[in-house]
Asks: 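Here it is, the structure in full.
Owing to the predicted nature of the structure, the values given are computational and were not obtained by experimental measurement.
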Amino acid sequence: MSDSPASADVVEKVEQDTAVPDETSVESEDVSEKDDEKSESKESAKQSRSPSAASLGKCSRSRSPLAVPKNKKREIICWHGRACSRVDCWFKHPDGREIDDNPMLRKRDGKGKSSGKGQPQGGPPCSFRRRPRSPSRRSRRSRRGRRHHRRSRRSSSSRAQRWQSPLRRRRRSRSRSARSASKTEGPRRRETPEVESKDAKTTDAKSLKENVKAVKDPATEIGAPPHRMDFREFMLRQCDAGACPETCVAAFKTYCQEFAQREFDRLKNTGLCLDLYHPVSQLRSYEWRQSMAQQRAQSFLAELREGKYKDLSLRLAQPNGEATCPVAGHQQAPEFAFDANIGTLMISGLPCAVSVWEVVEALQDSGGFAEAAWSAPSADLSRTFYVGFSCPQEAKEALLVIANKADTLLSNKGLTNGVAKVSIQDPMELSALVLPAEMSSPERLAKDLSLSAEVIQLLDKVHEIRQDFTAELLHFQGSAEQKLDLQVIYLRRVHNFCFYAGKWGENQWTLRDSCGAAVVREPYYEPVQEIWAKGHEKRIKEFLSTTSLIRPAVLGHADPKVRVRFDQVCREKTVAVTEQKFQCKDCGKFFKGPEYVGKHLFRMHTEIMQAVREELHQMMAREAFVADPSHPLSCTLNKD
């Protein structure tokens, strides 16, 4: 080569450094000589990194000689010789390389060096990645500072991880492990999609179902009350990170059904469960509500014929400007407000072990009994029971009846720790809600008169009130305002319905708590904007289109389910003595055919049919309890 003297010296120095020793000389080398070579190599590396003039002519492994042009660098001999492990080294190797002679020596663990610009054909995949020389990389911190920065980030991430949900931590750890596995395995290859078979889908479904693990339910733990988990808690406690959403939703529905089944088993023998879900009790409540409405309608029309409501007026004499106003008193003209506390006996905290029908049967024979109602169960499974009498003196007499039967009517039977209290309600200060002046306009009165007539016809039909009562009320002689006021009072007193609020109460006590004792209108003046009237009309129309009262279904003797189950019981209680002789197991009588045994069991052993009906009714009660999303919980019951 005819190059500059500096390049000639460089080539000569490289040849001297890259000379490969013989095997005998390698074996006879001392440990001290190896240490000297290591020190010399370290010094040469330091000099190559320094910007001195002497380092410009030396060969560097990671950088090409700066004194040699780029088109001449492939003529330089690599100073590693046969021990060079770079895949695409651009220096010359006159004696060859061990990795070229034996391809199995090429490193596959991601630590081999490569230029990152390509791979030789047939070689292993290169995992070397050159860092970008961005300004942020050029202005890096020191090694000690970087180490401290990583430590602080690790500690901060661990602190933040404590506040994350367990499911998210599992997903995060799994993603990290998958990421590390992908790094060790090398770059992933794109796979062609394959069509899944039915067997593969079934195995995947089974594996996903296995991901929903069975965790001990809090209801089975000793000393812990039954606890129904919501969907979020169920996912965190009983589902793995790899479970699909459809499987988790199906498992949650199954869990809710199983939990409701356990709750029903604990509450099925209480009076509360009997009153709410047993078909016979539901039918009795339906008929009781109808009979109370029919009695109230009959008494209201009797008072109307006597002229009690001739001074009725729900319009104020002067503008009030307030939300409420005082009234004359209980059943006094002109508002005829109703105080539900007068003559009312209240049992607060009625135990769940007692059925409301036990209290009704004990008090309905008392003098002056008018009405009985009860509230929905509270969190401790207790209810409030109201009994209305015609006067307070009769309510006091009924109080003595309850006191004599306190052992049966007020006993919690060891199920709960609550104590029932019986008291007579004191009269309350009555006030009426005041409607805006737009509700007193002539046009609004005419519209409300027709709407109230539709509501009366609907509710009278639902409660099976006689049609002549309804016709007598709707054909009452008077002005439009007088007829409207009479119909509004009729809806409140008979059906516990507030016409202007559009609310239908179960009894007069719930109506009083939600809509007050009465409603009056301010006097009309012009001009008036109809703002409140639009919402009122919308509420009434929605009530007319959605209201219904369905009669609960009770199984009779001729019901197909009852006949099928009764036939099974008859076959169990029939003994075939001979081909033409059959015997009844209960009484021992003989008959000439199995059908005669069935007729005998139906007529003479009536308790069998009653037991069959009760069994099916219990099944219906269980289904209604499970289907009710707001069913009561047995968390307040004492442990067995």
Side-chain angles (χ1 to χ4, degrees), residues 289-315 327-340 342 370-371 373 388 390 430 432-433 435 439-440 444-512 514-521 536-537 539-541 543-544 547-549:
R289 188 171 182 176
Q290 282 190 333
S291 64
M292 291 291 103
Q294 293 171 5
Q295 292 180 10
R296 290 193 297 266
Q298 185 175 1
S299 61
F300 183 87
L301 289 175
E303 295 172 351
L304 179 62
R305 299 187 191 103
E306 294 174 0
K308 180 178 179 179
Y309 300 102
K310 61 181 180 180
D311 297 331
L312 173 64
S313 178
L314 299 182
R315 184 178 62 176
V327 296
H330 173 66
Q331 293 288 73
Q332 298 295 323
E335 299 91 0
F336 286 92
F338 185 80
D339 187 2
I342 294 180
E371 186 177 359
S390 57
L430 300 180
L433 301 177
L435 300 178
M439 303 304 295
S440 298
R444 186 71 258 168
L445 293 176
K447 291 182 180 179
D448 288 344
L449 180 61
S450 61
L451 289 176
S452 61
E454 294 180 14
V455 175
I456 289 174
Q457 291 175 356
L458 174 63
L459 295 181
D460 284 358
K461 183 178 180 180
V462 165
H463 291 113
E464 298 181 1
I465 296 176
R466 292 169 51 179
Q467 296 182 0
D468 56 340
F469 289 174
T470 307
E472 183 180 354
L473 176 68
L474 297 180
H475 293 87
F476 179 77
Q477 299 297 325
S479 62
E481 186 173 3
Q482 291 176 350
K483 295 173 66 175
L484 175 62
D485 293 345
L486 184 64
Q487 293 177 8
V488 169
I489 292 296
Y490 176 83
L491 288 173
R492 289 185 69 94
R493 293 290 296 113
V494 176
H495 296 294
N496 301 316
F497 180 80
C498 181
F499 175 71
Y500 290 106
K503 290 185 178 180
W504 189 16
E506 294 184 359
N507 49 69
Q508 58 187 1
W509 293 275
T510 58
L511 179 66
R512 177 203 61 189
S514 60
C515 302
V519 178
V520 295
R521 301 182 299 269
H536 158 65
E537 187 173 353
R539 289 190 295 268
I540 297 300
K541 290 183 178 179
F543 175 80
L544 292 172
T547 300
S548 62
L549 193 62

Asks: Roughly how far, to the nearest 0.5 Å, is CZ of R296 from CD of E371?
Replies: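 Rounded to the nearest 0.5 Å, the CD-CZ separation comes out at 4.5 Å.
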Asks: Measuring from S313:OG to L486:CG, what's the distance to the nearest 0.5 Å?
Replies: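 With rounding to 0.5 Å, OG (S313) is 12.0 Å from CG (L486).
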Asks: Salt bridge or not for E481 and R521, using N-O below 4.0 Å?
Replies: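 Salt bridge present between E481 and R521.
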Asks: Hey, which of D460, L491, V488 is the one that makes side chain to side chain contact (heavy atoms under 4.5 Å, CB included) with V455?
Replies: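 So the option named by the test is L491.
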Asks: Could you go through F338 and H330, starting from their C-alpha distance and side-chain angles, then the distance that decides it, and tell me whether this counts as side chain to side chain contact (heavy atoms under 4.5 Å, CB included)?
Replies: CA-CA 5 Å; F338 185 80; H330 173 66; 3.5 Å; yes
Asks: Indicate yes or no for a side-chain donor-acceptor contact from T547 to the backbone of L544 under 3.5 Å, with no hydrogens or angles considered.
Replies: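 It does not hold such a pair.
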Asks: Identify the two heavy atoms, one from L430 and one from A337, that lie closest to each other, and give their separation to 0.1 Å.
Replies: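 Heavy-atom minimum between the residues: CD1-CB, 4.1 Å.
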Asks: Please name the pair of heavy atoms, one in R492 and one in G516, separated by the smallest distance, quoted to 0.1 Å.
Replies: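 Heavy atoms of R492 and G516 come nearest at NH2-O, 2.7 Å.
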Asks: Counting only heavy atoms not in K461 (residues, nucleotides, ligands), do more than 12 fall under 6.0 Å from its NZ?
Replies: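 Open.
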Asks: State plainly whether the residues K541 and E454 are in salt-bridge range, i.e. N to O under 4.0 Å.
Replies: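 Salt bridge: no.
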Asks: State the CD-CG distance between Q482 and L484, to the nearest 0.5 angstrom.
Replies: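 If we round to the nearest 0.5 Å, Q482:CD and L484:CG are 11.0 Å apart.
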Asks: Show your reasoning for whether side chain to side chain contact (heavy atoms under 4.5 Å, CB included) applies to F543 and L459.
Replies: CA-CA 11 Å; F543 175 80; L459 295 181; 4.0 Å; yes
Asks: Near E506 CD, under 6.0 Å, is it more than 12 heavy atoms from other residues, nucleotides or ligands?
Replies: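 Result for CD/E506: open.
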Asks: Around atom CD of Q331, are there more than 12 heavy atoms from other residues, nucleotides or ligands closer than 6.0 Å?
Replies: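 It does: Q331 CD has more than 12 such atoms within range.
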Asks: When the ring planes of H536 and F499 are compared, do they come out parallel, tilted or perpendicular, using 30° and 60° as the limits?
Replies: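 Aromatic pair H536/F499 classed perpendicular.
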Asks: Among Q457, K483, Q487, which residue meets the side chain to side chain donor-acceptor pair (under 3.5 Å) test with S452?
Replies: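 For S452, the side chain to side chain donor-acceptor pair (under 3.5 Å) test succeeds with only one of Q457, K483, Q487, which is Q487.
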Asks: If every non-hydrogen atom of I540 is compared with every non-hydrogen atom of G502, which pair is closest and at what distance?
Replies: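 Reported closest heavy-atom pair: CD1-CA, 4.2 Å.
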Asks: Please assess E472 against R305 for the test side chain to side chain contact (heavy atoms under 4.5 Å, CB included), listing each intermediate value before the final yes or no.
Replies: CA-CA 10 Å; E472 183 180 354; R305 299 187 191 103; 3.0 Å; yes
Asks: Quick check: closest heavy atoms across A293 and V494, and the distance to 0.1 Å?
Replies: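 Shortest heavy-atom contact: O-CG1, 3.7 Å.
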Asks: By the definition side chain to side chain contact (heavy atoms under 4.5 Å, CB included), identify the one residue from I456, I465, V462, L458 that meets it with H495.
Replies: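 The passing option is I465.
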Asks: Start with the C-alpha distance between N507 and M292, add both sets of side-chain angles, then the distance that settles side chain to side chain contact (heavy atoms under 4.5 Å, CB included), and finish with yes or no.
Replies: CA-CA 10 Å; N507 49 69; M292 291 291 103; over 6 Å; no
Asks: From T470 OG1 over to H475 NE2, what is the distance, rounded to the nearest 0.5 angstrom?
Replies: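 Going from OG1 on T470 over to NE2 on H475, the span is 11.0 Å.
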Asks: Please report the interatomic distance CG(N496) to CG(L511), rounded to the nearest 0.5 Å.
Replies: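 With rounding to 0.5 Å, CG (N496) is 5.5 Å from CG (L511).
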Asks: Using 0.5 Å steps for rounding, measure from the CG atom of L445 to the CG atom of D448.
Replies: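 Rounded to the nearest 0.5 Å, the CG-CG separation comes out at 7.0 Å.
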Asks: Between F300 and Y309 (judged by ring centroids, cut-off 6.0 Å), do the two rings come close enough to count as a pair?
Replies: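 For F300 and Y309, the ring centres are under 6.0 Å apart.
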Asks: Would you mind reporting whether F469 and Q294 have side-chain heavy atoms less than 4.5 Å apart?
Replies: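 Q294 vs F469: side chains apart.
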Asks: Taking atom CZ of R315 as the centre, does the number of heavy atoms from other residues, nucleotides or ligands within less than 6.0 Å exceed 12?
Replies: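 Atom CZ in R315 is not packed in, count stays at 12 or less.
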Asks: Between W509 and A340, what is the shortest heavy-atom contact and its length?
Replies: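 Closest heavy-atom pair between W509 and A340: NE1-O, 3.2 Å.
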Asks: What are the two closest non-hydrogen atoms of V519 and C498, and how far apart are they?
Replies: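 Result for this residue pair: CG2-SG, 4.2 Å.
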